[in-house]
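When reading the values below, keep in mind they use all heavy atoms of this one structure, side chains included, and skip hydrogens, waters and symmetry mates.
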Amino acid sequence: MNWRNKLFTFTVICVVGYITVVSGNYRRPTKVTTRCCENVSKALIPYAITGYKRQNPLKPCVDAVIFYTDKGQICSDPEARWVEKKIRELTTLDQDLKI
C-alpha cells in the first residue's frame, strides 16, 4: 500500500470520526431548569393580586396556586381557606370583564 492510499484511508477515518462526534452532540440531554414552587404559604397576601395559575405536584414542585402580584409571584397553599375564595373572586371578575 503506497503513501497515497494510506493518506486517503487516514483522511476517511478522520472524517467519519469527526461526523460521528459532531452528529452525536445534538442527542445529548440539555440541562432543564425548573422554576416552580417547592414550598407554599397559607398566609394572606397583603398585595393586590392580578391573576393566578394552578401548579401540579410534579417533583420537585408541590401542589400550589401561584398568585401574580405587583411584587412578583407568590406560592400559596391551595388548601388554605382564603385561596379558594380568591380564585372564585378572580374568576368571576374575569368573566364579568369578558361580557
Side-chain angles (χ1 to χ4, degrees):
M1 204 160 149
N2 65 20
W3 68 273
R4 283 186 180 173
N5 286 342
K6 288 180 182 180
L7 180 61
F8 177 77
T9 303
F10 176 76
T11 304
V12 169
I13 291 172
C14 286
V15 169
V16 170
Y18 176 77
I19 291 171
T20 302
V21 169
V22 171
S23 66
N25 285 341
Y26 78 93
R27 286 185 254 160
R28 290 187 184 158
T30 58
K31 183 177 180 183
V32 176
T33 56
T34 303
R35 297 190 68 184
C36 65
C37 299
E38 294 183 19
N39 46 44
V40 293
S41 172
K42 290 187 181 218
L44 284 169
I45 298 173
Y47 313 115
I49 296 173
T50 58
Y52 76 97
K53 76 174 180 179
R54 186 70 192 236
Q55 173 182 287
N56 293 324
L58 299 171
K59 291 190 180 193
C61 309
V62 296
D63 191 22
V65 175
I66 302 171
F67 286 108
Y68 299 105
T69 71
D70 295 337
K71 303 288 183 181
Q73 299 178 10
I74 299 176
C75 302
S76 296
D77 186 345
E79 300 296 319
R81 280 187 253 152
W82 70 271
V83 170
E84 188 175 319
K85 182 180 176 186
K86 181 55 89 172
I87 289 173
R88 276 196 309 267
E89 180 183 310
L90 290 168
T91 304
T92 302
L93 179 64
D94 187 42
Q95 288 174 353
D96 290 345
L97 292 174
K98 288 182 181 177
I99 295 176

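Under a hydrophobic-cluster definition in which Ile, Leu, Val, Met, Phe, Trp and Tyr are linked whenever side-chain heavy atoms come within less than 4.5 Å, directly or via other members, F8 and I13 are assigned to different clusters. Using a 4.5 Å cut-off between side-chain heavy atoms of Ile, Leu, Val, Met, Phe, Trp and Tyr, with links allowed through other members, L44 and V40 fall into different hydrophobic clusters. Tracing side-chain contacts under 4.5 Å through hydrophobic residues (I, L, V, M, F, W, Y), one reaches V65 starting from I49; they form part of the same cluster.
Counting all heavy atoms, side chain and backbone alike, V83 lies closest to P78 at CG1-CA, 4.1 Å. Closest of all the heavy-atom pairs between N5 and N2 is N-OD1, 2.9 Å.
Within the structure, ring pair (Phe, Tyr, Trp, His ring centres under 6.0 Å) contacts touching residues 50-70 (residues at least two apart or in different chains) are F67-W82. For residues 74-84, the pairs satisfying salt bridge (Lys or Arg N to Asp or Glu O under 4.0 Å) are K42-D77, E84-R88, with sequence neighbours left out.
Between T69 atom OG1 and I74 atom CD1 the span is 4.5 Å, to the nearest 0.5 Å.
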Table please: side-chain donor-acceptor pairs of residues 54-62 below 3.5 Å, with sequence neighbours left out.
residue	atom	partner	partner atom	Å
R54	NE	D63	OD1	3.4
R54	NH2	D63	OD1	3.0
R54	NH2	D63	OD2	3.2
Q55	OE1	C37	N	2.9
Q55	NE2	C37	O	3.0
Q55	NE2	V62	O	2.6

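Residues passing the side chain to side chain contact (heavy atoms under 4.5 Å, CB included) test with L7 are W3, T11, sequence neighbours excluded. Partners of S41 by side chain to side chain contact (heavy atoms under 4.5 Å, CB included), not counting sequence neighbours, listed by chain and number: A43.
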